[in-house]
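Worksheet: the structure to be examined is printed underneath.
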Amino acid sequence: MLADEADLLATRTEFPTLAKGVHLIAHSLGAMPGRAREYSARFVDEWENESIAAWGEHWLPAVRSLGDLVAGILGVAPGTVCMLPNVSIAQAVVASCFDFSRGRNKVVYDDLNFSTVHYVWQQQARRGADVVVVKSEDGIHPPTEKLLEAIDERTLLVPISHVLFRSSGMYDARRVIERAHAVGALVMLDVYQSAGTVPLRLAEWGCDLACGGSVKWACGGPGAAYLYVRPDLVETLEPMTTGWFGHAEPFAFDMGPMRYAKDAWRMIGGTMPVPAVYTARAGWEVIARLGVERIRAKSLRQTALLRELVLARGFTVNTPARDDARGGTVCFDWPGAEGVSRELVRRRFFHDYRPRCGLRVSPHFYTTDDELRAFVDALDDVRRHPPAETGRASY
Ligand SMILES: Cc1ncc(COP(=O)(O)O)c(C=O)c1O
């Protein structure tokens, strides 16, 4: 254990759910902080006690304030992040800014992108986008060289995952941004699988657009996703998927031509997910307090430990070995893994199984080494005494 880790583990008392199972599932659902309940209760109290005044006094400021808290984790300026219900909507809002019928119309990403992002961009072909999906060689590493080659003067946007959900392979975001900018293209980084576990410096890297959510490493629950827009780009983007809160003066109810807000709020559309914003705040606060650099140091040590434990059992590891090439998850597989995984979840060792990847297991700042060892011990036990039933996991 690194000397610095005691502080991280001390947060376990703030997460009552950790007493109810072993949570190795931060790539899908981060553990719930106890304070999330308190913040949710605050939302309903304000609704009950203050009625419509809650909007101006609490709810709109809370949405802005969470955007600023997230901005700090992304390494971008306050006021450049707006909150949206999910990543699919964030991608669709960005897609609606572009006219693919004029000149640049190429959208380039890889086949390890998260499916929802692919669905949004694939559908832009109906509006004239030339969608190019670069193939990964091994299904583990991002196909960086092929992607860089495919980014040319016709490329409008490169919407990729920073860390891949299937393997935890990680792009060198700076290389992609550099190449895109050299030919006048933009990069939209989906940082859902990195924000909260891998330090981000999106402003320093020159990233144009970024999105993610609160469900995973941020320990914030569903409904509070976010979209960052580079401040000097924001006024060039005019989303067709829009709404009154994206207007410069929403409460003027102006029926004239759309006048967009001057900042990232032009991307926000209609009424924002306020209850989710309240719940999500608790997790983001813990991440900000601990600092992602420290979370990353512990994550690298524990993912290396887990990798060793798994390799010693002869499993295939489907996550890059190099520290600078992987995020916070270790993925591994062997014949029969899916049934074992299901039994482990039944025994409350929370993780998941994905086809073409295997078990995905993620230590986070609250994970002890003893939990990792207990997980592999349980795995050995299930393999020695396999459960009778088989079938498919649902989430
Ligand atoms: C990289 C990545 N992007 C997006 C999503 C989800 O998108 P949405 O917020 O639209 O459900 C996930 C996982 O749920 C993911 O791992």
Side-chain angles (χ1 to χ4, degrees), residues 24-30 66-67 70 73-74 81-96 109-124 133 136 139-142 147 157-171 173 176 187-198 200 202 207 209-228 241 267-269 272-273 276-277 279-280 283-284 318-319 326-331 350-362 364 393-395:
L24 298 168
I25 184 91
H27 56 270
S28 180
L29 181 69
L66 184 62
V70 173
I73 307 293
L74 304 188
V81 171
C82 73
M83 303 307 299
L84 291 164
N86 57 54
V87 160
S88 312
I89 288 180
Q91 299 276 346
V93 168
V94 169
S96 80
Y109 53 86
D110 61 79
D111 63 350
L112 298 179
N113 213 337
F114 191 73
S115 53
T116 206
V117 177
H118 172 57
Y119 303 150
V120 170
W121 290 101
Q122 184 190 51
Q123 290 311 308
Q124 304 309 312
V133 184
S136 156
I140 298 172
H141 295 85
L147 186 95
L157 187 77
V158 184
I160 52 168
S161 276
H162 182 211
V163 168
L164 309 171
F165 83 101
R166 198 185 291 281
S167 67
S168 205
M170 180 161 67
Y171 267 109
V176 179
V187 173
M188 177 162 186
L189 216 53
D190 177 347
V191 294
Y192 215 148
Q193 292 292 353
S194 51
T197 188
V198 176
L200 299 173
L202 298 188
C207 187
L209 296 139
C211 64
S214 300
V215 183
K216 307 172 194 292
W217 304 94
C219 302
Y226 53 86
L227 173 62
Y228 160 73
T241 298
M267 312 297 268
I268 211 162
M272 49 295 284
V277 160
T279 319
W284 286 105
N318 291 324
T319 296
R326 70 167 192 270
T329 306
V330 179
C331 309
F350 301 121
H351 72 288
D352 62 14
Y353 176 90
R354 289 288 179 264
R356 302 191 295 289
C357 157
L359 275 73
R360 298 192 300 173
V361 180
S362 299
H364 204 5
S394 60
Y395 207 90

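Values below: every heavy atom of this structure, side chains too, minus hydrogens, waters and symmetry copies. One-based numbering, in listed order, for ligands and for the atoms of each.
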Per-atom contacts of ligand 1 with Lys216, taking only distances under 4.0 Å to non-hydrogen atoms
12 (C), 13 (C), 14 (O), 15 (C), 16 (O)
Under a heavy-atom criterion of less than 4.0 Å, does Gln91 contact ligand 1?
no
Against heavy atoms of Val87, which atoms of ligand 1 measure under 4.0 Å?
4 (C), 7 (O), 8 (P), 9 (O), 10 (O)
Considering residues at least two apart in sequence or located in another chain, which fulfil the side chain to side chain contact (heavy atoms under 4.5 Å, CB included) criterion with Val215?
Leu29, Tyr192, Pro222
Between Ser88 and ligand 1, which residue portion shows a heavy-atom distance shorter than 4.0 Å: side chain, backbone, both, or neither?
both
Flag side-chain contact, heavy atom, 4.5 Å: Cys219 against His364:
yes
Sequence-distant partners of Arg166, salt bridge (Lys or Arg N to Asp or Glu O under 4.0 Å), two or more places apart:
none
Could you tell me the separation between the CG atom of Asp352 and the CG atom of Leu359, rounded to the nearest 0.5 Å?
8.0 Å
Structural part of His27 in contact with ligand 1, heavy atom criterion under 4.0 angstrom
neither
For a 4.5 angstrom cut-off between non-hydrogen side-chain atoms, does Phe165 reach Ser115?
no
Do Tyr226 and Leu74 make a side-chain contact, defined as non-hydrogen atoms from C-beta onward lying under 4.5 Å apart?
yes
What are the atoms of ligand 1, with element, lying closer than 4.0 Å to any heavy atom of Asp190?
1 (C), 2 (C), 3 (N), 4 (C)
Numbered in order shown, the ligand 1 atoms found under 4.0 Å of a heavy atom of Phe165 are 16 (O)
Validation row: His162, Gln193 side chains within 4.5 angstrom (heavy atoms)
no
Could a heavy atom of Ser161 be found less than 4.0 Å from some atom of ligand 1?
yes
Does Gln193, backbone or side chain, put an N or O under 3.5 Å from an N or O of ligand 1?
yes
Does the side chain of Ser161 reach to within under 4.5 Å of the side chain of Leu112, using non-hydrogen atoms?
no
Side chain, backbone, both or neither: Asn86 near ligand 1, heavy atoms under 4.0 Å
both
Go through ligand 1 atom by atom and flag the ones less than 4.0 Å from a non-hydrogen atom of Thr116.
7 (O), 10 (O)
